[in-house]
There are 2 protein chains.
Amino acid sequence: MSISSRFSVGIHILTLIEINKDGVSSSEYLAGSVNTNPAVIRKIMGMLKKAGLIKVQPGIAGAELAKDLSDITLLDVYKAVNVVKDKELFSIHENPNPDCTVGRNIQNTIEPLFFSAQTALEKVLENVTIEDVVKDVTEKEKLNVKC
Amino acid sequence: MSISSRFSVGIHILTLIEINKDGVSSSEYLAGSVNTNPAVIRKIMGMLKKAGLIKVQPGIAGAELAKDLSDITLLDVYKAVNVVKDKELFSIHENPNPDCTVGRNIQNTIEPLFFSAQTALEKVLENVTIEDVVKDVTEKEKLNVKC
DNA sequence: TAAACTTGTAATCAAATTAATTACATGATG
DNA sequence: CATCATGTAATTAATTTGATTACAAGTTTA
């Protein structure tokens, strides 16, 4: 299993909207960079819009960031694209046998453990912003040009 | 998406083997507590065995822990049951457009970020042992009995 | 030794999820 | 009105999961 690439595509979209801020970031344009179908991009754009991260309007070409670069964290994107339900990064087997000590209690024991692992992951995502990503991408770009 | 319940079932199995250490933990017995098919348990037992966490022998009923309770971490189980490939908790979209600044660099920018989030999660799992789980389960059991 | 029981493992199946694709309603604009 | 955009639904193939059945091979015991 793997967390859907909608997440990385979401990051890609926001990053490109910023880097292309003087141009028009239509779904077709973004799809060209991500290398996928424009409808896939529009679907994700809809999620980002719903989460208040971008501004898009039906009929009008192009998306813009709805917040400051440094106010959008990877956690915002992660939650926006809905790759993982709240508290459910890990799934726990259902209906363990209630007639067994372990079966009776295992879910309640495991749940908070899984939750704190999930939270640790989310904290890391919360500490990275799209601004960081944009900077790193442009940084790497400079290095590439030298080669 | 969600991380396979093989993980929580693996924890359940190890915990029950310990709590039932005076009895025989056959795949059928374990399956009865987890509430699933014995073949599912045997498959997971095979993974736990391969990872050196339990001892099982063909033809001989019952599994035993192969290490001390306090030497088995949840991370050991997590890796044993193979729910997530190394470095691949998050998937990154493939073949972004190399003719675009973002497309060219996004993968290399994102990968270490995802990796550190994944590592943070694993660190939490590494700090919890089966001993902790066993203690918590028995603790909760005592509380239940009072009701 | 034969019967009974176990683990190990492969094959099959339905259900769920993903990303890609097609299609089309609706909005905006020259 | 023609053109192009977004929004969204439906369909598809591929992948993964957990359940199930089946059976080979090892062990025990009557």
Side-chain angles (χ1 to χ4, degrees), chain A residues 1-10 12-13 17 23-51 53-64 66 80-85 88-97, chain B residues 1-10 12-13 17 23-32 34-51 53-64 66 81-85 88-97:
Chain A
M1 92 86 219
S2 209
I3 290 172
S4 166
S5 66
R6 274 205 304 282
F7 183 25
S8 65
V9 172
H12 187 140
I13 290 173
I17 289 175
V24 174
S25 296
S26 64
S27 64
E28 192 171 341
Y29 171 79
L30 296 169
S33 175
V34 171
N35 190 18
T36 183
N37 193 289
V40 171
I41 298 293
R42 288 200 292 274
K43 178 119 194 247
I44 298 176
M45 279 185 359
M47 294 172 168
L48 297 174
K49 177 184 182 180
K50 196 173 163 192
L53 304 184
I54 63 175
K55 284 180 287 189
V56 209
Q57 281 178 294
I60 303 182
E64 294 171 34
V81 298
N82 214 19
V83 280
V84 170
K85 284 179 206 146
E88 294 186 20
L89 173 55
F90 297 92
S91 53
I92 301 181
H93 56 294
E94 293 176 345
N95 310 315
N97 190 340
Chain B
M1 90 86 220
S2 209
I3 289 172
S4 165
S5 67
R6 273 203 306 280
F7 183 26
S8 65
V9 171
H12 187 140
I13 289 174
I17 289 175
V24 175
S25 295
S26 65
S27 64
E28 192 170 343
Y29 171 77
L30 296 168
V34 171
N35 191 19
T36 184
N37 194 289
V40 171
I41 297 292
R42 288 200 291 275
K43 177 116 194 244
I44 297 176
M45 278 183 3
M47 293 173 169
L48 297 174
K49 178 184 183 181
K50 196 173 163 193
L53 304 183
I54 63 174
K55 284 181 286 190
V56 208
Q57 281 177 294
I60 304 182
E64 296 172 31
V81 299
N82 212 18
V83 280
V84 170
K85 284 179 208 147
E88 293 187 18
L89 172 55
F90 297 91
S91 54
I92 301 182
H93 56 293
E94 291 175 346
N95 309 316
N97 191 340

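Quick note on labels: first sequence line is chain A, next is B, and so on, each numbered from 1. Values reported hereafter were calculated over all heavy atoms of this structure, with side chains retained and with hydrogens, waters and symmetry mates removed.
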Next on the checklist: Quick one: does any side-chain atom of A:Ser26 pair with a main-chain N or O of A:Tyr29 as donor and acceptor, under 3.5 Å?
Outcome noted: yes

Next on the checklist: Rounded to whole Å, how long is the line connecting atom CD1 of A:Ile17 with atom C1' of D:dT6?
Outcome noted: 13 Å

Next on the checklist: Treating primed atoms plus P, OP1 and OP2 as sugar-phosphate and everything else as base, which nucleotides of nucleotides 18-30 of chain D get B, S or - for protein heavy atoms under 4.0 Å?
Outcome noted: SBBBB---BS---

Next on the checklist: Regarding A:Lys49, tell me which of base, sugar-phosphate or nothing describes its non-hydrogen contacts under 4.0 Å with the strands shown.
Outcome noted: sugar-phosphate

Checklist entry - Is there side-chain contact between A:Leu48 and A:Val56, with at least one heavy-atom pair below 4.5 Å? => result no

Checklist entry - CD1 of A:Ile44 versus C1' of D:dT6: gap in Å, rounded? => result 15 Å

Checklist entry - What is the distance from atom OG of B:Ser2 to atom CG of A:Leu89, rounded to the nearest 0.5 Å? => result 6.5 Å

Please report, to 0.1 Å, the donor-acceptor pairs under 3.5 Å made by any side chain of residues 34-45 of chain B, with sequence neighbours excluded.
| residue | atom | partner | partner atom | Å |
| --- | --- | --- | --- | --- |
| B:Asn35 | ND2 | A:Asn95 | O | 2.7 |
| B:Asn37 | OD1 | B:Ala39 | N | 2.9 |
| B:Arg42 | NH1 | B:Ser27 | OG | 3.2 |

Checklist entry - In whole angstrom, what separates A:Lys55's NZ from D:dT6's P? => result 16 Å

Next on the checklist: A quick test of your reading: do over 12 heavy atoms of other residues, nucleotides or ligands sit less than 6.0 Å from CD of A:Glu28?
Outcome noted: no

Checklist entry - A:His12 versus B:His93: any side-chain heavy-atom pair under 4.5 Å? => result yes

Item to check | 5' to 3' contact window, DNA chain C with chain B (heavy-atom distance under 4.0 Å) | outcome: C:dT6 to C:dT18

Checklist entry - Does B:Lys43 make a side-chain N or O approach to OP1 or OP2 of D:dT17 shorter than 4.0 Å? => result no

Checklist entry - Short question: side chain of A:Ser91, backbone of B:Ile3 - any donor-acceptor pair under 3.5 Å? => result yes

Checklist entry - Rounded to the nearest 0.5 Å, how far does CG of B:Asn97 lie from OG of A:Ser33? => result 6.0 Å

